[in-house]
Novice: 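The following block contains the structure, expressed as structure tokens.
These numbers come from the heavy atoms of this one structure, side chains and all, not from hydrogens, waters or symmetry mates. Every chain is numbered from 1 and lettered A, B, ... according to where its sequence line falls, protein lines coming before strand lines.
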Amino acid sequence: MIPEGRVTTYGAIADFLSLGSARMVGWALNKCGNTDLPIPAHRVLNRLGELSGRAAFKPPSAMQTLLEKEGIIVENNRVKHFKDVFWHPENLLKDA
DNA sequence: CCTATGACGCCGG
DNA sequence: GCCGGCGCCATAG
């Protein structure tokens with residue numbers, strides 16, 4: 001559900017969905033990566049805007065590539081204008 | 001059954 | 001503002 005060109009964090013998702021811990025988000029995404037679900041996991045970063053999960057992608061560089069394809073600048077495994085492209089799940093409510 | 005680990009984050013010093 | 005410690009839920013050994 002994360003809009004293209006935008007990214008969010010494990011914490012934001014965990015908090016918004018009351019998952020109880022950011023670890024669950026990583027765990028869920030890892031599982032989703034094992035399915036055919038079209039989950040844009042590459043848009044999920046840690047609280048520092050780092051591509052912490054890039055290792056879970058087929059080519060670890062895929063995460064960065066996908067982000068850059070959406071116009072997100074990634075530098076040294078980190079989103080450059082992170083605070084600018086950061087997207088909080090609560091924005092879903094605004095759209096709805 | 002208990003311990004260790006993981007795509008993480010917050011609190012206290 | 002940096003560093004260390006603790007929590008959190010699920011899975012694996």
Side-chain angles (χ1 to χ4, degrees):
Chain A
M1 311 214 259
I2 304 171
E4 286 188 15
R6 287 295 182 63
V7 296
T8 190
T9 68
Y10 298 94
I13 296 171
D15 182 60
F16 181 69
L17 297 181
S18 302
L19 294 180
S21 79
R23 286 198 179 297
M24 289 313 320
V25 180
W27 171 82
L29 286 176
N30 194 328
K31 284 301 170 190
C32 285
N34 217 312
T35 73
D36 297 339
L37 296 173
I39 306 298
H42 59 278
R43 295 180 196 150
V44 184
L45 317 171
N46 66 5
R47 73 185 186 101
L48 298 177
E50 300 175 87
L51 281 59
S52 49
R54 93 194 122 90
F57 286 76
K58 306 279 230 17
S61 53
M63 190 173 187
Q64 162 144 5
T65 303
L66 287 168
L67 288 172
E68 291 182 331
K69 262 188 196 192
E70 298 183 1
I72 298 173
I73 310 303
V74 180
E75 181 108 354
N76 196 310
N77 299 330
R78 193 159 311 134
V79 173
K80 229 173 179 195
H81 44 303
F82 174 58
K83 358 182 291 167
D84 198 52
V85 295
F86 176 73
W87 175 84
H88 194 281
E90 73 182 359
N91 289 322
L92 276 176
L93 304 179
K94 290 169 64 178
D95 288 347

Novice: Give me the one residue out of A:L45, A:V79, A:L66 that meets side chain to side chain contact (heavy atoms under 4.5 Å, CB included) with A:I72.
Specialist: A:V79

Novice: According to a 4.5 Å side-chain heavy-atom criterion applied to Ile, Leu, Val, Met, Phe, Trp and Tyr, with indirect links allowed, do A:V7 and A:F57 form part of one hydrophobic cluster?
Specialist: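 Same cluster: A:V7 reaches A:F57 through Ile, Leu, Val, Met, Phe, Trp or Tyr contacts under 4.5 Å.
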
Novice: So, taking the atom named CZ in A:R43 and the one named CD1 in A:I13, what distance separates them when rounded to the nearest 0.5 Å?
Specialist: 11.5 Å

Novice: Under the 3.5 angstrom rule, does the side chain of A:N46 hit a backbone N or O of A:L48 as a donor-acceptor pair?
Specialist: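 At least one qualifying donor-acceptor pair exists.
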
Novice: To the nearest 0.5 angstrom, please state how far the CG atom of A:L67 sits from the NZ atom of A:K80.
Specialist: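 Interatomic distance, A:L67 CG to A:K80 NZ, rounded to 0.5 Å: 15.0 Å.
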
Novice: Look only at the side chain of A:T8 and the backbone of A:W87, and say whether a donor-acceptor pair between them is shorter than 3.5 Å.
Specialist: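 Checked: pair present.
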
Novice: Looking at CZ of A:R54 and OG1 of A:T65, how far apart are the two atoms once the value is rounded to the nearest 0.5 Å?
Specialist: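 If we round to the nearest 0.5 Å, A:R54:CZ and A:T65:OG1 are 12.0 Å apart.
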
Novice: With a 4.0 Å heavy-atom cut-off, tell me which residues in residues 19-49 of chain A come close to DNA chain C, sorted by residue number.
Specialist: A:L19, A:G20, A:S21, A:R23, A:M24, A:W27

Novice: Between C:dC3 and B:dA7, how far apart are the C1' atoms? Round to whole Å, please.
Specialist: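 B:dA7 and C:dC3 have their C1' atoms separated by 23 Å.
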
Novice: How long is the straight-line distance from CG of A:N34 back to CG of A:L29, given to the nearest 0.5 Å?
Specialist: 12.5 Å

Novice: Going 5' to 3' along DNA chain B, between which two nucleotides do contacts with chain A fall, using a heavy-atom cut-off of 4.0 Å?
Specialist: B:dG6 to B:dC10

